[in-house]
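Numbered from 1 within each chain, the chains take letters A, B, ... in sequence-line order. Quantities reported herein were computed from a predicted structural model and do not represent experimental measurements.
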Amino acid sequence: MSVLVFVENWDGKFKKATFEMVSYASIVAEMSNSNVVALSIGNVENAELEKLGKFGATKVVSVTNDKLNFLDNQAYTSVIAQVAEKENAEVVILSNNNTGKALAPRLSVRLKAGIGSGVNHLPLSITPFVVQKRAYSGNAFANLLIKTPVKILTLAQNSFEIKENGSSTLIENFNADLGEGVVKTVVKDVQKQTGKILLTDADVVVSGGRGMKSPDNWAPLVEFAELLGAATACSRPVSDEGWRPHEEHTGQTGKIIAPNLYFAIGISGATQHLAGVSSSKYIVAVNTDKDAPIFSAAQYGIVGDASKVLPKLVEAVKEMKAK
Amino acid sequence: MKVLVCISNVPDTTTKVRFIDDNRKLDTTGIQWVINPWDELSLTRALELKDVASNGIEKVTVAHVGSVAAEPVIRKALAIGADDAIRVNAEASDAYFVASQLAEVIKQNPYDIIMCGIESSDHNGSTVGGMLAELLGIPSVSAVSSLSIENGTFVLTREIDGGKENVQVPAPFVAVVQKGIAKEPRIAAMRGIMMARTKPIAVVEPAAIEAYTEVMGYEMPKPRAACKFVDAENAGQLIALLQNEAKVL
Ligand SMILES: Cc1cc2nc3c(=O)[nH]c(=O)nc-3n(C[C@H](O)[C@H](O)[C@H](O)COP(=O)(O)OP(=O)(O)OC[C@H]3O[C@@H](n4cnc5c(N)ncnc54)[C@H](O)[C@@H]3O)c2cc1C
Ligand SMILES: Nc1ncnc2c1ncn2[C@@H]1O[C@H](COP(=O)(O)O)[C@@H](O)[C@H]1O
């Protein structure tokens, strides 16, 4: 028996979210008396693969194949399923990012395994297997019983602490069987976002709403974010108006994020906006209206004008950093 | 060429949800049902593609797995412009059940493009579209923010973590769509509402499928601690609190 984690690399490197997943998997394995096997697809050097051992992977299965240079959902599903079967996996864990969301459902059918998607807690119990997941766009949680022998989980990013509890790991190269014509997705071109902290990876996010008044007022918000090493985000009307790029839109119809700290500046706090950010550990609101609903979701608040408050926050961070 | 748009009906997105039956079931009293926002945008994109005659789309069908209570929402899709509808007459017990029912319908009557939303706003599963593609053994592209037909080939943009990719796939395929697929949802015009009354909704009885999962109960999020206010004049104090009290900086 094993707990299989599918680990994705970005240009040969793993991200924090990967180590969170392996840490999570190692606790699930402890709960179910089994071992963590990580599956890596793509060219990753052994030194990087070995890092997975520190977080509890006892074995890393590495698959390299030119057919897998780009994500083809059918080909990737086939590889993960082959490894899951070979390793006798009882639980398969993927990230709840775009890749995980693309693969987990296909894998579910392939392995006849029920899915708990977007989980952000350890299973409530192993026998029977019950996990808690988001429902009604963050307005509730569902306790979901997975009835199949194999279970698939997609883990929400930033929902589990990294824990170093392992040591060395065995690296095994696996030759996945990929027949002719399996890969059907042809990638024509790739546009990568470079030099920016990804919203879904960020520990701290600074987000602006219509209360920012104009696209020309964003400089202090961006400066504040840069000083904090934070990603920038916005509410839907802001991206609809073209004040900020679409990738920054958070909420029910945008990105769903769970940073440690989320600054909502000039954002009213509509339910559809909160649907994307309510899992943040701390929410800080700056708003001129003391009755704005965002203050009911926030732990810290300032009733005031963003254009006056932001420069003060920038100054305070500079002072903090100078110390 | 035929397009199928899978639609789920969900509580209006501002609904304050409540549960009954030992927190096992949603209290539906007073709930306004709407087409899941993504599915409304899928439908809009499908109709935009159909509007361009050279794309060669003859028909846009919507499919739903659910009880008769969903018919007003299906009629709305017809009023927006779908040509016809299929409803599988069964309680949508879980994602695998829904995907399997949709797969049965499609096996009977194939489609070239099948569209699903990236997430239903009630179950938040992000699963039905991918499962459906696997059940049909056809390609899927997920997180699709644009879909067009260029000289008979299908060109899709998908979001990856940290970027975008333009991809081509052969039909039939499932597109799991997200933000960007259409700008604004198309609204039903008077003429559409009149015409919708006579458009057919085929009701299909479900296949025998065993669900993989079951909701044991719902819980409400724990109420958050009350907001602590910092005076705007001394806004800088907030940073010290975040550093020393919340310990997040
Ligand atoms: C189906 C559906 C899906 C949706 N999905 C999303 C989504 O994913 N994400 C999303 O964000 N929205 C979404 N919305 C829209 C949502 O309902 C709100 O309209 C939107 O979030 C409001 O954005 P806002 O808070 O920036 O603007 P507003 O509601 O206009 O609020 C502006 C706020 O700024 C404050 N303010 C004004 N001046 C200042 C100042 N000088 N300094 C500080 N504060 C000031 C005001 O008091 C107010 O609270 C969706 C709506 C629907 C119907
Ligand atoms: N009951 C249903 N009937 C038809 N399509 C559905 C149903 N439930 C979900 N879908 C489709 O699957 C998508 C994703 O839903 P989910 O997997 O529940 O997040 C939705 O946007 C719909 O396109």
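- Of the listed residues (A:Glu8, A:Gln272, A:Lys151), the greatest number of heavy-atom pairs within a distance under 4.5 Å of chain B belongs to A:Gln272.
- Under a 3.5 Å cut-off, the side chain of B:Asn124 and the backbone N or O of A:Tyr136 do form a donor-acceptor pair.
- With a 4.5 angstrom heavy-atom cutoff, A:Glu319 does not touch chain B via any of its atoms.
- In terms of heavy-atom pairs under 4.5 angstrom with chain A, the leader among B:Pro170, B:Gly117, B:Ala225, B:Gly180 is B:Pro170.
- Ranking A:Pro105, A:Gly254, A:Ala316 against chain B, the residue ahead of the rest is A:Pro105, based on heavy-atom pairs under 4.5 Å.
- Looking only at side-chain heavy atoms (C-beta outward), A:Lys255 and B:Glu159 come within less than 4.5 Å of each other.
- Contact check for A:Arg134 versus B:Glu119: side-chain heavy atoms found under the 4.5 Å cut-off.
- Using a 4.5 Å cut-off between heavy atoms, A:Ile146 touches chain B through backbone and side chain atoms alike.
- The CZ atom of A:Phe263 lies 5.0 Å from the CG atom of B:Leu242; values are rounded to the nearest 0.5 Å.
- When only modelled atom types and interatomic distance are considered, A:Asn98 and B:Asp161 share no side-chain donor-acceptor pair under 3.5 Å.
- Around the NZ atom of B:Lys164, the shell of radius 6.0 Å holds no more than 12 heavy atoms that belong to other residues, nucleotides or ligands.
- Contact annotation for A:Glu315: neither backbone nor side-chain heavy atoms come within less than 4.5 Å of a heavy atom of chain B.
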*Determine, step by step, whether B:Leu249 and A:Leu261 satisfy the side-chain contact (heavy atoms from CB on, under 4.5 Å) criterion, reporting the C-alpha distance in whole Å, the side-chain angles of both residues, the deciding distance to 0.1 Å, and the verdict.*
CA-CA 8 Å; B:Leu249 283 185; A:Leu261 179 56; 3.7 Å; yes

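- With values rounded to the nearest 0.5 angstrom, B:Arg224 atom CZ is found 6.5 Å from A:Ser278 atom OG.
- Between the A:Lys133 side chain and the B:His123 main chain, a donor and an acceptor come within less than 3.5 Å of each other.
- Closest of all the heavy-atom pairs between A:Gln74 and B:Pro139 is OE1-CA, 3.4 Å.
- Distance check: B:Ile239 CD1 to A:Lys318 NZ gives 12.5 Å after rounding to the nearest 0.5 Å.
- No part of A:Ala230 comes within reach of chain B, as not one of its non-hydrogen atoms sits under 4.5 angstrom from that chain.
- The closest side-chain heavy-atom distance from A:Ser239 to B:Lys179 is below 4.5 Å.
- To the nearest 0.5 angstrom, B:Glu245 atom CD is 7.5 Å from A:Tyr282 atom OH.
- Contacts between A:Lys308 and chain B at a heavy-atom distance below 4.5 Å are absent for every atom of the residue.
- By the neighbour-count criterion of 12 heavy atoms within 6.0 Å, atom NZ of B:Lys183 is sparsely surrounded, having that number or fewer from other residues, nucleotides or ligands.
- A distance of 11.5 Å separates CD1 of A:Ile152 from OG1 of B:Thr213, quoted to the nearest 0.5 Å.
- The two residues B:Cys227 and A:Gly301 come nearest to each other via the heavy atoms SG-N, 3.4 Å.
- At a 4.5 Å heavy-atom cutoff, B:Ser100 makes no contact with chain A through either its backbone or its side chain.
- Residue contact with chain B, scored on non-hydrogen atoms closer than 4.5 Å, involves the side chain of A:Thr77 exclusively.
- Contacts of B:Val17 with chain A are made by side-chain atoms alone, with heavy-atom separations under 4.5 Å and no backbone atom involved.
- Note that the CG atom of A:Asn143 and the CE atom of B:Met216 stand 8.5 Å from one another [nearest 0.5 Å].
- Considering only heavy-atom pairs separated by less than 4.5 Å from chain A, the leading option among B:Val141, B:Leu241, B:Val10, B:Leu26 is B:Leu26.
- Proximity to chain A (any heavy atom under 4.5 Å) is restricted, for B:Ala226, to the backbone atoms N, CA, C and O.
- The candidate from B:Ala143, B:Ala133, B:Ala99 with the greatest count of non-hydrogen atom pairs under 4.5 Å with chain A is B:Ala133.
- Proximity to chain B is absent for every atom of A:Ala104, based on heavy atoms less than 4.5 angstrom apart.
- Considering only heavy atoms from C-beta on, A:Thr271 comes within 4.5 Å of B:Lys16 through its side chain.
- Contact of A:Leu198 with chain B is made through the side chain alone, with heavy-atom distances under 4.5 Å.
- The two residues B:Trp38 and A:Thr253 have their closest heavy-atom pair at CH2-O, 3.1 Å.
- No side-chain donor-acceptor contact under 3.5 Å links B:Ser121 to the backbone of A:Ser137.
- Heavy-atom distances place the side chain of B:Pro11, and not its backbone, under 4.5 Å from chain A.
- Considering only heavy atoms from C-beta on, B:Phe229 stays 4.5 Å or farther from A:Lys290 through its side chain.
- The nearest pair of heavy atoms linking B:Ser140 to A:Arg106 is OG-NH1, 2.8 Å.
- Note on A:Ser117, A:Gly118, A:Ala285: by heavy-atom pairs under 4.5 Å with chain B, the leading option is A:Ser117.
- Of the atoms belonging to A:Val284, it is side-chain heavy atoms, and not backbone ones, that fall under 4.5 Å from chain B.
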*Test log, rule side-chain contact (heavy atoms from CB on, under 4.5 Å), inputs A:Val190 and B:Ile160*: CA-CA 9 Å; A:Val190 185; B:Ile160 52 172; 4.3 Å; yes

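- Considering all non-hydrogen atoms of both residues, A:Gln252 and B:Pro37 come closest at NE2-CG, 3.9 Å.
- Residue with the most contacts toward chain B among A:Asn139, A:Leu103, A:Ile256, A:Asn260: A:Asn139 (heavy-atom pairs, distance under 4.5 Å).
- Your options are B:Glu214, B:Glu184, B:Glu134, and the one with the most heavy-atom pairs under 4.5 Å with chain A is B:Glu134.
- Among B:Glu210, B:Glu233, B:Glu165, B:Met220, the residue with the largest count of heavy-atom pairs under 4.5 Å with chain A is B:Glu165.
- Ranked by heavy-atom pairs shorter than 4.5 Å toward chain A, the options B:Gly125, B:Ala211, B:Pro221, B:Ser120 are led by B:Pro221.
- In this structure the side chain of A:Lys112 reaches within 4.5 angstrom of the side chain of B:Tyr212, judged on heavy atoms.
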*How far apart are the C-alpha atoms of A:Asn73 and B:Phe173, what are their side-chain angles, what is the distance that settles it, and do they pass the side-chain contact (heavy atoms from CB on, under 4.5 Å) test?*
CA-CA 12 Å; A:Asn73 295 337; B:Phe173 63 87; over 6 Å; no

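- Ranking A:Val109, A:Leu310, A:Leu107 against chain B, the residue ahead of the rest is A:Val109, based on heavy-atom pairs under 4.5 Å.
- With respect to chain B, the highest number of heavy-atom pairs below 4.5 Å among A:Gln132, A:Arg110, A:Lys196, A:Lys281 belongs to A:Arg110.
- Only the side chain of A:Thr200 comes within contact range of chain B, with at least one heavy atom under 4.5 Å from a heavy atom of that chain.
- A:Leu71 is listed as a side-chain neighbour of B:Arg158, based on a closest heavy-atom distance under 4.5 Å.
- Side chains of B:Ile138 and A:Lys184 form no contact here, defined as non-hydrogen atoms less than 4.5 Å apart.
- In terms of heavy-atom proximity, B:Ala232 sits nearest to A:Ile302 at CA-CG2, 3.7 Å.
- Counting non-hydrogen atoms of neighbouring residues, nucleotides and ligands closer than 6.0 angstrom, the CG atom of A:Asp189 exceeds 12 such neighbours.
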